[in-house]
Amino acid sequence: YAWDANEEYLFKAMVAFAMRRYSSKSTTQISNVLLCNVTDRVSFWFVVTDSAKNVTTVPASEVEAAIRMNRNRINSAFLLNDKTLQFLKISSTISPPVEPSTPVWLIVFGVVLCLTVAGIIFLIVSGIQRRKKKNKESSDTENLEEKCEVTVTIENGIPCETLDLKAGHINGVYAADDERFASL
């Protein structure tokens, strides 16, 4: 960052601006902001003198409050942010990064564990439902077979019983001892 007399003038103007905005009765001028011990790495300290009495300095608490109130304007003037433009003894306006109260690995572990438990419960419930459905289908086929045994059909005007599929059924037409019909 090239720090020259123009940048120094801009910094003094921004501090004077901050002091004027902080206390409306103040008539702080650029000449009231004094930079001391300026280094090549753009490091220095400054004081603000009272405009009425150029000998006394403004209390540090007032200067800190004025800079804190106008920090975003000062950062914007230099196209910097709180990480690149640091005021010692003045806290930055950017809040520190938020640290979660629980570690991230614990959150991930909890999510994976919940998904695993939900999958196991789903498999158990679907297996139970499949067994119930299978048992219901087998009982339905048994009921249909029982209905078939009871029904009597009529063919050619003669009542005929359906065959008993479970116990078997002997057809009396082909029995040798029954001679009701004439032989051919």
Side-chain angles (χ1 to χ4, degrees), residues 1-140:
Y1 192 83
W3 185 261
D4 56 10
N6 295 330
E7 296 292 331
E8 192 173 305
Y9 179 81
L10 179 61
F11 180 79
K12 288 179 180 182
M14 290 307 300
V15 171
F17 169 79
M19 291 302 296
R20 283 181 172 213
R21 293 243 2 234
Y22 177 70
S23 59
S24 58
K25 63 181 181 197
S26 176
T27 56
T28 306
Q29 302 295 321
I30 295 173
S31 60
N32 295 113
V33 179
L34 305 173
L35 300 182
C36 305
N37 294 342
V38 179
T39 65
D40 292 336
R41 295 196 58 180
V42 192
S43 173
F44 54 86
W45 57 273
F46 66 94
V47 292
V48 179
T49 59
D50 191 2
S51 61
K53 307 173 215 149
N54 210 7
V55 178
T56 61
T57 58
V58 176
S61 60
E62 287 184 31
V63 175
E64 287 176 15
I67 289 176
R68 193 173 292 118
M69 187 174 98
N70 295 291
R71 181 111 184 213
N72 60 343
R73 296 286 296 266
I74 295 170
N75 286 344
S76 296
F78 291 99
L79 302 175
L80 300 173
N81 59 27
D82 283 342
K83 292 180 181 177
T84 55
L85 179 62
Q86 181 180 7
F87 290 93
L88 298 178
K89 297 183 181 178
I90 300 175
S91 60
S92 64
T93 54
I94 295 178
S95 61
V98 177
E99 299 270 337
S101 59
T102 56
V104 174
W105 68 267
L106 187 60
I107 295 170
V108 172
F109 176 75
V111 168
V112 170
L113 183 67
C114 288
L115 289 174
T116 304
V117 169
I120 290 171
I121 291 173
F122 173 74
L123 290 174
I124 291 172
V125 169
S126 65
I128 291 172
Q129 287 177 345
R130 202 174 323 136
R131 280 191 189 152
K132 285 183 180 179
K133 186 177 178 183
K134 186 177 179 181
N135 289 342
K136 185 178 179 185
E137 287 176 357
S138 64
S139 67
D140 286 345

L34 side, atom CG; T57 side, atom OG1 - distance, nearest 0.5 Å: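 Reported value, rounded in 0.5 Å steps: 9.5 Å.
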Shortest non-hydrogen contact between T28 and R20, atoms and distance: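 Smallest interatomic distance, heavy atoms only, reads O-NE, 2.7 Å.
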Value rounded to 0.5 Å, distance of NZ in K133 from CD1 in I128: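 Answer for the NZ-CD1 pair, K133 versus I128, is 16.0 Å.
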For V63 against M19, the heavy-atom pair lying closest together: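 Taking every non-hydrogen atom into account, CA-SD, 4.0 Å.
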D4 (side chain) donor-acceptor with E7 (main chain) under 3.5 angstrom: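 Pair found, side chain donor or acceptor close to backbone of E7.
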Shortest non-hydrogen contact between Q29 and N32, atoms and distance: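 Closest approach of Q29 to N32: N-OD1, 2.8 Å.
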Taking every non-hydrogen atom, the tightest pair across L123 and S126: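 For L123 versus S126, the nearest heavy atoms are O-OG, 3.0 Å.
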From OH (Y22) to CD (E62), nearest 0.5 Å: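 These two atoms lie 5.5 Å from each other.
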Interatomic spacing from CZ in R68 to CD1 in I74 - rounded to 0.5 Å: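 Rounded to the nearest 0.5 Å, the CZ-CD1 separation comes to 11.5 Å.
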Closest approach of M69 to R21 (non-hydrogen atoms, all atoms of both residues):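 Shortest heavy-atom separation between M69 and R21 comes out as CE-O, 3.5 Å.
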Considering all heavy atoms, the nearest I30-K12 contact: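 So the two residues come closest at CG2-CB, 3.7 Å.
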Student check: side-chain heavy atoms of T49 and V58 closer than 4.5 Å: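 Heavy-atom side-chain distance check fails, nothing below 4.5 Å.
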Atom pair CD1/CD1 of I120 and I124 - distance to nearest 0.5 Å: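 Those atoms lie 7.0 Å apart.
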Rounded distance [0.5 Å steps], CG in L106 versus OG in S101: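 The distance works out to 9.5 Å.
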